Amino acid sequence: MKYLFCNWKMYVGLEESRALAAELAGMPFDKSAMAVAVFPTALSFSSVRGELNGSEVKMGAQNVAWTPSGAYTGALSAVLFAEAGAEYALVGHSERRHVFGETETAVHNKLVACLDAGLIPVLCIGETREDREEDKRSYRLQKQLKTALEGVDIQGPCMVSYEPVWAIGTGDACLPSDAEDVIGFIKMELRLYTQTDIPVLYGGSVNPGNVANYMHCQSIAGVLVGGASAKADSLAALVAHVDAAA
Ligand code: PGA
């Protein structure tokens, strides 16, 4: 199974999200070989769900709270997203870590909250440019995996996305061969925490022009795409390329 996950971030509003979802619902792809999921804003969630109704496209949360319910003004829990039709949730996306100051403990707690609510967490990990320059890539990835996964009983499905921070939204995508090596390393590290096979995606400046190169790498289970997934023409091209490679 190859995965195309579309993180619409805060790029598109209600009407545009609905229109994108309507187009996506009509795009042909081989459902037995490829899984597609969109991560719209929370405000667009139910409209997008309405458009995707009857299609094979799944939905996910961009961010969840670490606790299921209570007096938490402005927060949205994994339980609420599950009730709204989500199957997946991004956890530890670099924008949450670096822009919103999300700690390793918060990432761990959110991952557990997703598992408890029956959502499949997509744990995002990746080194910064400084890490890379200081030869700390392995250290950073090991640390992020350890703090997120240690002590977690992973019985059900769980996913990881390798997202080098320097590659996100920069146009400076990680070379597919490099991403493949790093993902091989991540898969080895994951064995410390679970015997379950965890699909590992690549994310960071994936676009219709380079997506096929990642899909042809054996260890890369799919891609998590931001900017290029939030425009109808490039979204259609991404679906077609992943479908052709799946
Ligand atoms: P990008 O974002 O495709 O816009 O680089 C990727 C991500 O944030 O996962």
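Index from 1, following the sequence. In this text, all values refer to a predicted model and were calculated from it rather than measured experimentally. For ligands, and for the atoms within them, numbers begin at 1 and follow the listed sequence.
At least one heavy atom of Gly227 sits less than 4.0 Å from an atom of ligand 1.
For Arg96, the salt bridge (Lys or Arg N to Asp or Glu O under 4.0 Å) partners two or more places apart in sequence, or in a different chain, are Glu102.
Taking the centre and axis of the six-membered ring of Phe185, the NZ or CZ atom of Lys187 falls outside the cone set by 45° and 6.0 Å.
Closest to atom 5 (O) of ligand 1 by heavy atom, among Gly226, Gly169, Ser229, is Gly169.
Ranking the protein heavy atoms by distance from atom 2 (O) of ligand 1 puts Lys9 NZ, 3.2 Å first. For atom 7 (C) of ligand 1, the nearest non-hydrogen atom of the protein is His93 NE2, 3.4 Å. Considering only non-hydrogen protein atoms, atom 9 (O) of ligand 1 sits nearest to Glu163 OE1, 2.9 Å.
Judged by distance alone, with hydrogens and angles left aside, the side-chain atoms of Gln144 form a donor-acceptor pair with the main-chain N or O of Gly126 at under 3.5 Å. With hydrogens and angles disregarded, a donor-acceptor distance shorter than 3.5 Å links the side chain of Arg97 to the backbone of Gly92.
At a cut-off of 3.5 Å, with distance as the only test, no side-chain donor of Gln62 or Trp8 sits close to an acceptor on the other residue.
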